[in-house]
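Quick note on labels: first sequence line is chain A, next is B, and so on, each numbered from 1. Note that this is a predicted model, so its numbers are computed, not measured.
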Amino acid sequence: MHLRLRAATSTANPFIPPAHLIHSIPQWFSILRHAIAASDLPLGKRAHARILTSGHHPDRFLTNNLITMYSKCGSLSSARKLFDTTPDTSRDLVTWNAILSAHADKARDGFHLFRLLRRSFVSATRHTLAPVFKMCLLSASPSAAESLHGYAVKIGLQWDVFVAGALVNIYAKFGRIREARVLFDGMGLRDVVLWNVMMKAYVDTGLEYEALLLFSEFNRTGLRPDDVTLCTLARVVKSKQNVLEWQLKQLKAYGTKLFMYDDDDDGSDVIAWNKTLSWFLQRGETWEAVDCFVDMINSRVACDGLTFVVMLSVVAGLNCLELGKQIHGIVVRSGLDQVVSVGNCLINMYVKTGSVSRARTVFWQMNEVDLVSWNTMISGCALSGLEECSVGMFVDLLRGGLLPDQFTVASVLRACSSLGGGCHLATQIHACAMKAGVVLDSFVSTTLIDVYSKSGKMEEAEFLFVNQDGFDLASWNAMMHGYIVSGDFPKALRLYILMQESGERANQITLANAAKAAGGLVGLKQGKQIQAVVVKRGFNLDLFVISGVLDMYLKCGEMESARRIFNEIPSPDDVAWTTMISGCVENGQEEHALFTYHHMRLSKVQPDEYTFATLVKACSLLTALEQGRQIHANTVKLNCAFDPFVMTSLVDMYAKCGNIEDARGLFKRTNTSRIASWNAMIVGLAQHGNAEEALQFFEEMKSRGVTPDRVTFIGVLSACSHSGLVSEAYENFYSMQKIYGIEPEIEHYSCLVDALSRAGRIREAEKVISSMPFEASASMYRTLLNACRVQVDRETGKRVAEKLLALEPSDSAAYVLLSNVYAAANQWENVASARNMMRKANVKKDPGFSWVDLKNKVHLFVAGDRSHEETDVIYNKVEYIMKRIREEGYLPDTDFALVDVEEEDKECSLYYHSEKLAIAYGLMKTPPSTTLRVIKNLRVCGDCHNAIKYISKVFEREVVLRDANRFHHFRSGVCSCGDYW
DNA sequence: ATAGGGTTAG
């Protein structure tokens, strides 16, 4: 696969898909357009050859495009050959325009073609004449100009502003200023260009006085002088010849502007300095540019507008506000701050250095603003998180009657994109863009694709994408990301592959997207290929890209490779660290996640709200309350405690750690319109055995108009099952489908089966399992098997165990439960045979262990453990505890001893179950009346459960024990589970 | 002088 892709990349024609995929002339057209835009002659030639072999007969339209392609790509002979072989009747205006413009520099051949045109039936336009004017100028032939003038009169183009302008220009160039003026005076409608041409003609012929007379006349028309006008005037001012004093006075109003347009090339100092400055800017040597500017000031050279344009760009790139403010001061002193382009640069500088308020002040203090000023403000607000402000200014601009351009539209759309909350506004701006005719602009359409796909309007986005005018990398990336956001990873990856196959070069963003798509698909194979490209292109130092690749490996469960990649990152940023941490959590390595966090703090990288949400989750999974509290403290310290994600995880963590009070307190401060907060609370309460409260929360949530989702029902149903509320479980199971339209998933069935099994309704539970549209899961059978043990139903137990073992042959719990079923029925031979089966299947019982978290140190115990440094004291304590509770009426329940030995020994082996050791140690090490929190990896054993009830009463301690299934909250001899688990 | 697309979480 990899080789094939590489081959495709190196040989495939850019923009040319395989021939069988090209169905229509417009597709060829678009390929030729690319060749023209890129001046790619080989591509154009290949396209031509392919058109000839594809069987598409090149029609007039295609031929015209081929001619244009050849002439624009610099192969005049091919263009001419194609033109000559085209019959005269097949030549239209476009054909002529194409061939003539190709010959603009070749006056001899060009005039010949022009003569042919005059004999044909095609009527020329101003576009046809443009190259011919150029030929006239080149050939310096006054007679050609006269004949061209005659032709223009003949076809009625004499008074066309463009044609007349060109003629005036030509006559002036040939020194025939009178003819030029006659033509000029005859024009009914004169635009700035025409005035410029005439004025320039006077200046060129040394008639500065006439030029200035004309300028006064120009001023009376109300037209505004443009750059060329000012440039021409600057030359007059400079020469000071043939000019009267009053005329120069009149020009004073334009003083500073004229100064900018002074393009005298006598090597004046400012120009040399400016050239040096731009040279540094272009090479990205920005601090050198600053040094150069300081030198310039020190040598007392008067800066001009361009100096400041360049320097302000430098400062904008340096993101250095203080320097910018100083230069602003110099600008004001020089009086150039009222030059629009300098003002625009000031706005841009303040925007880029993060001071939008200053940018706004400059904007409102400018006497004259143009569209660029508006655009800079609109995009500046959008990029500084002032989206409403950006949209507001866009509206102001429209109200002011200005027509937005592609910059305006792209910028304001950017604001909509970060504003989120649907695409209502974007749709309206889309309409504005159509009105302004800028939808096909690639920046505009890319932002539109981005906005639409982020608000789920994939059809709109796809429409814009498909109707784009050629290939644009950013819009492909935007589309890929759109698919990823909407969860359509296959489509995203397909886009990447399509790009590779058509020979387009991916960039960092493409590869980051592709890696994410591969991760979403758990496609390790594709992911590895993408990584190969990343490495080959040298992007493995780009933190964006490498974090994406890292995440891909983690999503595929490849911890080893992920760790290796992470270790190779020279200086990981917060995102890279968080990716690694969340990967550990996703792959069940929560301790390693906390360990990694420790390293992160040591490396001085600041964690963010993503990091904390993940870490809190890790603590929640570990039931590590103390660590969780510390992380909580860290979130407060680093200002992340109010992030909705972090808060929800904290609620979940406190609930799962059995600290319902804190969970409730935090929940009250979260945004209660978010379903996830409610779910955390309901699931937490359910797991805590507090079904009543869980159901209360559920009711309150519904009354507040929050719609429950699938997770909510998992919480509700598990609450019912933990508290033996079978009818409520049934009720909610049905209302989930009937009222909320949520199809029950295997988890929901699992809860229902759980509820029935715990209530001893084994038959019903079996019936539910067989009626499910899914295969039963192992955990369901496990629940059922446990019910069989409690009910001492050997027959069903055996049947269920077989099914369970068929599903998971090496599942130790199955054998243990099966042997427990027999043990409960006192059939020790069968217990032994179950153990034998287990040995044959090479299955070992998962060792049960319990741990207690004391003073930041985890103390872990397994049954009969003697490895703890204080073993002797602990065992004495256990003896003492057992003695005390026996006095209160505790009777060891030897059914739970899984070894076939004498009763007395069984009793002893029960004494040293891991949970009892952990509790004994906890009692020793904590002051009276502290709540003890113990965690067990398996389910708590029945005898221990009973013993802990007595312990809570005798020693007046609250004990919170979390086992693999739920919480047990022991207080005064009673457990919150009501002996029901 | 002004504009587009990207990594981590409940």
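A distance-only check finds a donor-acceptor pair linking the side chain of A:S603 to the backbone of A:M600 [under 3.5 Å].
Closest to the side chain of A:K516, from the set B:dT7, B:dA1, B:dA3, is B:dT7. Closest approach to the A:S582 side chain among B:dA1, B:dT2, B:dT8 is made by B:dT8 (side chain taken as heavy atoms from C-beta onward). Side-chain proximity of A:V575 to the nucleotides B:dG6, B:dA9, B:dT8 is greatest for B:dT8. Listed nucleotides: B:dT7, B:dA9, B:dA3. Nearest to the side chain of A:F544: B:dT7. Comparing B:dG10, B:dG6, B:dT8 by their closest approach to the side chain of A:D542 singles out B:dG6. Minimum atom distance to the side chain of A:S547 is reached by B:dT7, of the listed B:dG10, B:dT2, B:dT7. Comparing B:dT8, B:dA3, B:dA9 by their nearest atom to the side chain of A:L383 picks out B:dA3. Here the nucleotide nearest the side chain of A:D441, chosen from B:dA3, B:dA1, B:dT8, is B:dA3. Counting only heavy atoms from C-beta on, A:N348 has its side chain closest to B:dA1 among B:dT8, B:dG10, B:dA1. In this structure, the nucleotide among B:dA1, B:dG6, B:dA3 sitting nearest to the side chain of A:S341 is B:dA1.
The pair A:K528-A:E558 does not count as a salt bridge, with every side-chain nitrogen at least 4.0 angstrom from each carboxylate oxygen.
Between A:E590 and A:L594 the shortest side-chain heavy-atom distance does not fall below 4.5 Å.
Residue A:K617 places none of its side-chain N or O atoms closer than 4.0 Å to OP1 or OP2 of B:dT8. A sub-4.0 Å separation between OP1 or OP2 of B:dA3 and a side-chain N or O of A:N375 is absent. Taking only side-chain nitrogens and oxygens, A:H481 comes nearer than 4.0 Å to OP1 or OP2 of B:dG6.
In this entry the distance linking CG of A:N679 with P of B:dG10 reads 13 Å, nearest Å. If you take CG of A:D574 and P of B:dA9, they are 13 Å apart, rounded to a whole angstrom. Regarding A:N507, its CG atom lies at a distance of 13 Å from the P atom of B:dT7, rounded to whole Å. If you measure from atom CG of A:D450 to atom C1' of B:dG5, you get 7 Å, rounded to the nearest angstrom. Atom-to-atom, NZ of A:K555 to P of B:dT7 comes out at 11 Å; the value is rounded to the nearest Å. Between the CD atom of A:Q531 and the P atom of B:dT7 there is a distance of 18 Å, given to the nearest Å. Across the protein-nucleic acid pair, A:M600 atom CE and B:dT8 atom P stand 15 Å apart, rounded to whole Å. When rounded to the nearest whole Å, the span between CE of A:M366 and P of B:dT2 equals 14 Å.
Residue contacts for A:L473: at a heavy-atom cut-off of 4.0 Å it reaches a base atom on one of the strands shown. Among the atoms of the strands shown, only primed sugar atoms or phosphate atoms (P, OP1, OP2) are found under 4.0 Å from some heavy atom of A:S313. Base contact: A:R674 has a heavy atom under 4.0 Å from a base atom. In this structure, A:D652 reaches neither bases nor backbone, as no heavy-atom distance under 4.0 Å exists between it and the strands shown. Heavy atoms of A:V545 sit under 4.0 angstrom from at least one base atom. Counting any heavy atom pair closer than 4.0 Å across all strands shown, A:A680 reaches no nucleic acid atom. Across all strands, A:T376 comes closer than 4.0 Å only to sugar-phosphate atoms, never to a base (heavy-atom distances). Note on A:D370: a base of the nucleic acid sits closer than 4.0 angstrom, heavy atoms only.
Within a 6.0 Å sphere centred on CZ of A:R505, other residues, nucleotides and ligands contribute 12 heavy atoms or fewer.
Ring centers of A:F363 and A:W374: under 6.0 Å apart, within the cut-off. Centroid-to-centroid, the aromatic rings of A:F595 and A:H598 stay 6.0 Å apart or farther. Aromatic pair A:F667/A:W678: ring centres closer than 6.0 Å.
Here A:Y610 does not lie in a stacked arrangement on the base of B:dA9, lacking the combination of planes under 30° and ring centres under 5.5 Å apart.
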